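Each remark here refers to the structure printed beneath this line.
If you're wondering where the values come from, they're calculated on a predicted model, not measured in any experiment.
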Amino acid sequence: MEHTLEIAGTLIGILYLWLEYRASIYLWIAGIIMPAVYIFVYYDAGLYADFGINIYYLGAAIYGWTMWKYGSFLRRKILRKQVSGQQAESPELPITRMPARYLLPLAAAFAVAFTGIAWILIRFTDSNVPWLDSFTTALSIVGMWMLARKYVEQWWAWIAVDAVSAGLYIYKGLDFTAALYALYTIIAIFGYFKWKRMMDSEVPFEKFSGSY
């Protein structure tokens, strides 16, 4: 059953990756189904931090869908900017760069999550990879928030997460998942440049929303 779920999660993950690469809002549907599957896979493999992060992913997917669907409207409402006497029209949240003011808070959030999760794994579980598991989990929390806000730099977080995770899953014997994350690492690099090109094409709206 574990291998069946792992294969199913891998297939859904490939679909998720393709949708994310295309910056399609429907990635969040796959983003709800995939963690529901991996909750069982990671718990059975003893990857307790990854088990916990997938519970977070379920909630984050709902938040991401809401932000991508209605975030553009919220930004226009908050900024109260107008273009040619009318509010800029953009049915979905545009891709933008992450404001520099978020760097320190995100670094602090990562540090707290990293040390906190590692302490929990060492103190209360039988995990034999607490530091690597906590690293990928903490960075995934940050990356998921960046993805929900549609910041192009979210790909940087996923490149690191995916590369480390691929090695971790090989060690834990999750071969299909390891292959998926190796693919993630490669596609994440291309994904960054894909999103950057898409972002550049949205510059007129970004001029008003990028500072928010």
Side-chain angles (χ1 to χ4, degrees), residues 1-69 71 92-93 95 113 117 127 129 132-192 194-195:
M1 177 61 71
E2 176 188 348
H3 289 297
T4 300
L5 289 175
E6 186 185 356
I7 293 172
T10 300
L11 294 176
I12 298 170
I14 292 173
L15 174 61
Y16 175 93
L17 179 64
W18 181 73
L19 292 170
E20 182 182 7
Y21 178 80
R22 294 174 58 85
S24 170
I25 193 173
Y26 296 106
L27 75 90
W28 296 112
I29 296 177
I32 292 173
I33 300 173
M34 184 168 63
V37 172
Y38 273 112
I39 282 173
F40 297 97
V41 173
Y42 290 141
Y43 183 82
D44 190 64
L47 293 168
Y48 302 115
D50 281 337
F51 162 78
I53 194 64
N54 275 274
I55 297 176
Y56 162 77
Y57 282 161
L58 286 172
I62 297 173
Y63 172 74
W65 172 276
T66 303
M67 283 300 302
W68 282 38
K69 186 69 174 177
E92 290 185 14
L93 189 70
I95 299 170
I117 294 169
S127 174
V129 286
L132 286 178
D133 201 3
S134 61
F135 172 82
T136 57
T137 301
L139 192 54
S140 293
I141 292 173
V142 172
M144 198 68 174
W145 182 85
M146 293 170 68
L147 173 60
R149 301 300 293 260
K150 219 169 185 179
Y151 294 137
V152 68
E153 293 86 358
Q154 60 97 13
W155 287 108
W156 298 354
W158 295 122
I159 290 170
V161 169
D162 297 339
V164 174
S165 294
L168 179 60
Y169 296 145
I170 290 174
Y171 175 75
K172 297 297 288 188
L174 299 174
D175 297 332
F176 286 106
T177 305
L180 173 64
Y181 276 80
L183 177 63
Y184 270 15
T185 305
I186 297 172
I187 299 302
I189 297 172
F190 288 98
Y192 169 74
K194 168 76 170 181
W195 275 40

Quick one: salt bridge (Lys or Arg N to Asp or Glu O under 4.0 Å) pairs with a partner in residues 151-170, sequence neighbours left out? Arg97-Glu153
Taking all heavy atoms of Ser140 and all of Val161, pick out the closest pair and write down the distance. OG-CG1, 3.4 Å
Taking atom CD1 of Ile159 and atom CD1 of Ile187, what is their separation to the nearest 0.5 Å? 11.0 Å
Which heavy atom of Ala138 sits nearest a heavy atom of Ala113, and at what distance? CB-CB, 3.8 Å
Look at the rings of Trp195 and Trp155 and say which category their plane angle falls in: under 30° parallel, 30 to 60° tilted, over 60° perpendicular. perpendicular
Compare every heavy atom of Pro35 with every heavy atom of Ala30, then report the nearest pair and how far apart it is. O-CD, 4.1 Å
Report the C-alpha distance between Trp158 and Tyr192 in whole Å, list the side-chain angles of each, state the deciding distance to 0.1 Å, and finish with yes or no for side chain to side chain contact (heavy atoms under 4.5 Å, CB included). CA-CA 10 Å; Trp158 295 122; Tyr192 169 74; over 6 Å; no
Hey, does Leu58 have a side-chain heavy atom less than 4.5 Å from the side chain of Ile39? yes
Tell me which donor-acceptor pairs under 3.5 Å the side chains of residues 13-24 have, and how far apart each pair is, sequence neighbours excluded?
{"from": "Glu20", "atom 1": "OE2", "to": "Gln154", "atom 2": "NE2", "distance (Å)": "3.4"}
{"from": "Ser24", "atom 1": "OG", "to": "Tyr26", "atom 2": "N", "distance (Å)": "3.2"}

Does atom OH of Tyr63 have more than 12 heavy-atom neighbours from other groups under 6.0 Å away? yes
Do Thr137 and Tyr56 meet the criterion of a side-chain donor-acceptor pair at a distance under 3.5 Å? no
Which atom of Ser165 lies closest to which atom of Thr136, heavy atoms considered: OG-CG2, 3.5 Å
Can you find a heavy atom in the side chain of Leu147 that is under 4.5 Å from one in the side chain of Trp68? yes
Report the C-alpha distance between Met34 and Tyr38 in whole Å, list the side-chain angles of each, state the deciding distance to 0.1 Å, and finish with yes or no for side chain to side chain contact (heavy atoms under 4.5 Å, CB included). CA-CA 6 Å; Met34 184 168 63; Tyr38 273 112; 3.6 Å; yes
Beyond-backbone contact of Trp28 with Ile25, side-chain heavy atoms, under 4.5 angstrom: yes
Using 30° and 60° as the class limits, which term best fits the ring planes of Tyr169 and Tyr181: parallel, tilted or perpendicular? perpendicular
Would you indicate whether the side-chain heavy atoms of Leu132 and Tyr171 approach each other to under 4.5 Å? no
Might you point out which heavy atoms bring Leu139 and Ala160 nearest each other, and give the distance in Å? CD2-CB, 3.7 Å
Minimum heavy-atom distance Met144-Ala60, with the two atoms named: CG-CB, 3.5 Å
